[in-house]
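The block underneath contains the structure these notes are about, expressed in structure tokens.
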Amino acid sequence: MKYQANKIEKKWQKYWEDNKTFEVVVDSKKDKFYGLVEFPYPSGDGLHTGHLRSYTALDIVCRKKRMEGFNTLYPMGMDAFGLPAENYAIKTNTHPQITTRKNIDNFVRQLKATGFAFDWSRFIETTDPKYYKWTQWIFIQMFKKGLAYKSSENINWCTSCKIGLANEEVVAGTCERCGGEVIKKEKEQWMLKITNYADRLIDGLDNINFLDTIKKQQSDWIGKSQGAEVDFAIKDSEEKLKVFTTRPDTLFGATFMVIAPEHPMLENLDIKNITEIKEYQETSAKKTDIERSSEDKDKTGVELKGLKAINPVNNEEIPIFVADYIMMGYGTGAIMAVPAHDERDFVFAKKYNLKIKEVINDNNIAINSGEFNGLDIEEFKQKIVKWLEDKKIGKATVNYKLHDWIFSRQRYWGEPIPMIKCTECGWLPVPENELPVSLPEVDDFKPGDEGESPLTKVVDWVNTTCPKCGKFAQRETDVMPNWAGSNWYFVRYLDPQNENKLIDKDKADYWLPVDWYNGGMEHTTLHLLYSRFVYKFLADINVVPKDSKIGDEPYTKRTAQGMILGEGGIKMSKSKGNVINPDGYLEKYGADTVRVYEMFMGPFDQSIAWDDKGVNGVYRFLNKVWDLQDKVVDQPIMMSSDRTKGHKKLEERQKELNLKIEDLERLLNKTIKKVGEDIDNMKFNTAVSQLMIMVNELDRWIEIKQDIFEKFVLILAPFAPHMAEEMWQALGNKKSLTDQAWPEYNQDLAQDDKVVIGIQVNGKVRDDIELDFDTEPSEDLQVEILTREKIARNLEGKEVVKFIHIKNKIISIVAK
RNA sequence: GCCGGCGUGGUGGAAUUGGUAGACACGCAGGACUUAAAAUCCUGUGGCAGUAAUGCCGUAUCGGUUCAAGUCCGAUCGCCGGUACCA
């Protein structure tokens, strides 16, 4: 019978759904496995090949874990708040609710058509009020703990989206979403104190199994640096200029100071050339971040005339400059400049002819540093900090690049921030029994020109009463960023219907933490970092448990898939028109082909170009597998004379090829071992190639023993589950193979009994020899090797100086 | 600039982690089947020379360590990712 992918795929998708095959519940008798992939944003373009790569990989992992006896949870949902739906609404006046609904339905259809082993009973949507009730609840808990606060910030402002952005959302000075220009703008914003968790977010990385690059990117992003704060007095003034430095050992070399243009102190000082300074402030405020940092490191600045700072270690009077190579957002927004030991300060000093004073020699020993001369810099650092602390002009400090998280968006399609402002009582959370604060209907989705949320126009929603004093009060009109719903979604999967609690404790204790989380590298300093922070907070307020091994970390293991590029290796994008929609392939070849192709195309963690020819190759492979069924028999009588009809030629060939059932058994065991190990190590491409090797071998046989074929079907199942189920049934099995045990292999049989090893003469392979596995080096063998014709010929006229035999690996002869 | 990663046939890639480089697949060439095409099957396929056996060369480039290097070390070139005046 011909392989008809569509027919059998629909059949088994229906079977899994009808039988609730992948729905799981807490079962304390079984070990659990919680596999997770990033839930998609349901865009209008539908699921793309990148989603499928990630989802298929963990689907394979989860299906195997299940066969290994784990109570395996693999959930899915939709991260459905976000800008595209809202921008589309502005353009076409279609409510985001409508677009989102349509897109979700399409995504679900595509996911089901690919045959993922999702527990659909746990499906969640972040836009569902029953869901975002708890997103709002988390915000209120943070507010109560002082982790959410409102502040006027100089924020990143996307001029095109008219929206404030977190640092993490600014990519090379442009908006992560639309690529628009990002400028600085002063705005009142809700902030989350992620910085309180900075150390825990770094330390937590030690015990979890994340890819090294992910750990590194996260800790670089948090950017912890140890140093000191030092106060510099200003001559004839009460004011002090506080700086942060990681090199307090170079204090004696500080020959001038530089402060950021936004530094508040500029308002209070008596500066002679104040108009010049103001002009400078204005020009740098107009620069975007990208301009400010891309001017080939050329540095501009203006000296504050009439003012001098005093270097506390030697009482030297030094000039003060304002320059925009100093950022207000890091440290104190002011530095002591040490041109001899800092490249940037050096460039600046050269340009403005400032004094350069060396204080550390080539051997890292202090010079020109008064009483500290001769000290090694590490020792110097400690002593000088102590000295500063004793004089109360400085102290050891830690600084982070990480900033608090700007958590409000002046937009419509997001979770309303559940806060109320009363002119008398200040900001108050909406009482928890009134949650969720539902997103009201509006007609006009456009934000105001100054970036007011569209919600400001819904007057009867905005106006309310103060939960404390009962007088007139107004609701917050900003909404949460699109990351809010994804911060904690993997917790809600475990108890998606609970109306009274975010999650039931027993369920949290059983399922958490996530055992394996796969997603994109692009989320490393966004979602992945945010969700670790929120989870730690949830652990602090006892909503989620602390794990005995990894503590308050949500994910035991994190991996990332490489991007799929368009044909020819160009990034897929709508504008280039090279986006590959899986629908056509699912229809033409079937889900199993798409799944196996995506796994076979290359190393999982590497970017790789889509190739239609490759898809076809996999389709050929699956057809070959399908055709093997016809050869399966209970009692193979391979060479028997009564089975000759039509196979005469093949039988002769079989004899010629010397097919032995023992060799096939060995290959099977080897394949079970390799496929299993490769899945665990995410080496899906070589797992598939091993399956191909097995199939190529089976294909040479006239008849295949049923038990061999059954085992093969079981290890194929995670990759091509529909075909595997269909063949499994055809083999006479009544039940789905999803609960069959993963086949075991025999270690002895997983190893060939013979090995062919090379024989080298002076480093060049001249011959090879077949030996029994584990043949030990011996005199006899040496004699035999040396007398082999090819070897003897190459040794002619030479004397053997060394004879090396590494068991199962190589024989190497050195001759002169 | 700094920090990571990578560089292997015409192509995607394998290589038990120092042990016969090129598994598996795509493509290509030749052949079988067919009126023909598609599909399928068989054979070949790193380069150069040779009918062949075989020889020489070959994992970005140059050098080193080793009986043995795609793998380790040093330098250079190139590509990709992260980050960006972080004090």
Side-chain angles (χ1 to χ4, degrees), chain A residues 171-173 212-214 216-218 220-221 223-225 227 243-247 250 254 258 260 289-290 292-299 323-327 329-338 341-345 347-348 399-402 521-522 524-525 562-563 569 597 600-603 605-618 620-621 623-624 627 653 674 677 683 685-693 695-696 699 751 755-769 790 793 801-815:
Chain A
V171 176
D212 286 343
T213 48
I214 297 178
K216 190 168 182 313
Q217 273 185 37
Q218 287 207 345
D220 283 358
W221 184 264
K224 181 177 184 170
S225 47
V243 301
F244 172 74
T245 177
T246 54
R247 295 293 304 276
T250 60
V258 193
D289 264 3
I290 205 161
R292 204 161 146 175
S293 61
S294 73
E295 289 166 349
D296 287 330
K297 315 288 176 202
D298 183 37
K299 299 193 179 10
D324 61 11
Y325 81 92
I326 299 308
M327 304 291 150
Y330 184 77
T332 61
I335 62 149
M336 60 174 210
V338 186
H341 302 287
D342 181 283
E343 210 182 316
R344 294 152 304 170
D345 297 345
V347 172
F348 195 81
N399 236 294
Y400 301 92
K401 289 186 202 174
L402 185 72
M521 272 316 278
E522 70 275 17
T524 301
T525 52
M563 236 194 315
Y597 171 65
F600 183 59
M601 63 195 304
D605 57 354
Q606 232 167 75
S607 301
I608 201 141
W610 185 269
D611 175 22
D612 277 353
K613 297 262 176 52
V615 181
N616 196 51
V618 167
R620 259 183 237 168
F621 162 68
N623 271 286
K624 214 164 169 182
D627 291 341
R653 188 167 170 68
K674 175 140 181 76
E677 287 172 356
K683 294 171 75 179
N685 54 332
T686 50
V688 173
S689 101
Q690 184 64 37
L691 290 169
M692 287 173 167
I693 291 170
V695 168
N696 289 343
D699 198 36
Q751 173 61 55
V755 283
V756 178
I757 65 171
I759 305 172
Q760 296 181 336
V761 177
N762 287 339
K764 287 194 170 156
V765 178
R766 298 295 181 185
D767 197 3
D768 53 41
I769 183 169
K790 283 183 192 168
R793 179 150 43 88
V801 239
K802 223 170 180 180
F803 187 95
I804 299 160
H805 176 189
I806 311 289
K807 194 167 78 174
N808 301 329
K809 301 238 158 123
I810 199 91
I811 289 168
S812 181
I813 302 162
V814 191

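Residue numbering restarts at 1 for every chain, and letters A, B, ... go by the order of the sequence lines.
On a pure distance criterion of 3.5 Å, a polar donor-acceptor pair joins the side chain of A:K299 and the base of B:C85.
For the pair A:K299 and A:R344, the tightest heavy-atom approach, listed with the atom from each and the gap, is CE-CB, 3.5 Å. Between A:W610 and A:M601, the closest heavy-atom pair is CA-CE, 4.0 Å.
Nearest nucleotide to the side chain of A:R766, out of B:C85, B:A68, B:G55: B:G55. Of the candidates B:C85, B:G4, B:G19, B:G19 carries the atom nearest the A:S812 side chain, counting heavy atoms from C-beta on. In the set B:C26, B:G12, B:U83, B:G12 carries the atom at the smallest distance from any side-chain atom of A:I608. Comparing B:U20, B:G82, B:C56 by their closest approach to the side chain of A:D768 singles out B:U20. With B:C26, B:A87, B:C67 as the choices, the nucleotide that has an atom nearest any side-chain atom of A:T246 turns out to be B:A87. Checked against B:A68, B:A84, B:C56, the side chain of A:K764 finds its nearest nucleotide in B:C56. Ranking B:G19, B:A23, B:A87 by closeness to the A:F244 side chain, first place goes to B:A87. Closest to the side chain of A:K613, from the set B:C67, B:G27, B:A15, is B:G27. The A:P603 side chain lies nearest to B:A14 when the options are B:A87, B:A14, B:A25. Side-chain atoms of A:I804 lie closest to B:C67 of the nucleotides B:C67, B:G4, B:G19.
For the pair A:V688/A:Y597, no side-chain contact is recorded, criterion being any heavy-atom separation below 4.5 Å from C-beta on. Using a 4.5 Å cut-off on side-chain heavy atoms (C-beta onward), A:K809 and A:V755 make no contact.
A:Q606 comes within contact range of the sugar-phosphate backbone alone, with a heavy-atom separation under 4.0 Å but no base atom that close. Within the nucleic acid shown, A:G617 comes within 4.0 Å of sugar-phosphate atoms alone, with no base atom in reach, counting heavy atoms only. Here A:K807 lies out of heavy-atom contact (under 4.0 Å) with every strand. Among the protein residues, A:K674 comes within range of no part of the nucleic acid, since none of its heavy atoms lies under 4.0 Å from any strand.
For B:G9, the base is syn relative to its sugar; the glycosidic angle is within 90° of 0. Glycosidic torsion of B:U17 falls within 90° of 0, placing the base in syn.
Note on A:N685: a side-chain N or O is less than 4.0 Å away from OP1 or OP2 of B:A14. Phosphate contact (OP1/OP2 of B:A25, side-chain N/O of A:N696, threshold under 4.0 Å): present. Taking only side-chain nitrogens and oxygens, A:Q218 never comes nearer than 4.0 Å to OP1 or OP2 of B:G82. Taking only side-chain nitrogens and oxygens, A:K624 never comes nearer than 4.0 Å to OP1 or OP2 of B:A39. The shortest distance between the side-chain N/O atoms of A:K802 and the OP1/OP2 oxygens of B:A68 is not below 4.0 Å. Taking 4.0 angstrom as the limit, A:R620 places none of its side-chain polar atoms (N or O) nearer than this to OP1 or OP2 of B:A39.
A distance of about 22 Å separates the P atoms of B:C72 and B:G78, rounded to the whole Å. A distance of about 38 Å separates the C1' atoms of B:U43 and B:C79, rounded to the whole Å. Spacing of P atoms, B:G50 relative to B:G31, comes out at 23 Å, to the nearest Å. Separating the C1' atom of B:A23 from that of B:G12 is a span of 13 Å, rounded to the nearest Å. Nucleotides B:U51 and B:G70 are separated by 31 Å at their P atoms, to the nearest Å. B:G27 and B:U83: their C1' atoms are spaced 40 Å apart (whole Å).
Rounding to the nearest 0.5 Å gives a distance of 9.0 Å between CD1 of A:I759 and NZ of A:K790. Rounding to the nearest 0.5 Å gives a distance of 7.0 Å between CG of A:N808 and CD of A:Q751.
Residues A:V618 and A:G331 both approach RNA chain B. Their nearest nucleotides, taken by heavy-atom distance, put A:V618 toward the 5′ side. Judged by closest nucleotide on RNA chain B, A:V688 is the one of A:G333 and A:V688 placed further toward the 5' end.
The distance between atom CE of A:M521 and atom P of B:C80, rounded to the nearest whole Å, is 17 Å. In this structure, CG of A:D627 is placed 10 Å from C1' of B:U40, rounded to the nearest angstrom. Atom CE of A:M692 and atom P of B:A23 are 14 Å apart (whole Å).
The backbone N or O of A:T525 lies less than 3.5 Å from no partner atom in the side chain of A:Q217, so there is not a single donor-acceptor pair.
By the 30° and 60° cut-offs, the orientation of the rings of A:F244 relative to A:Y330 is perpendicular.
Judged by distance alone, the side chains of A:Y325 and A:D345 do bring a donor and an acceptor atom under 3.5 Å apart.
A:E522 CD: more than 12 foreign heavy atoms inside a 6.0 Å radius.
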Applying the Watson-Crick and G-U criteria (both distances under 3.5 angstrom) with [ ] for crossing and | for other-strand pairs, one obtains for RNA chain B (((((((..(((......[....)))((((((.......))))))((((....))))..(((((..]....))))))))))))....

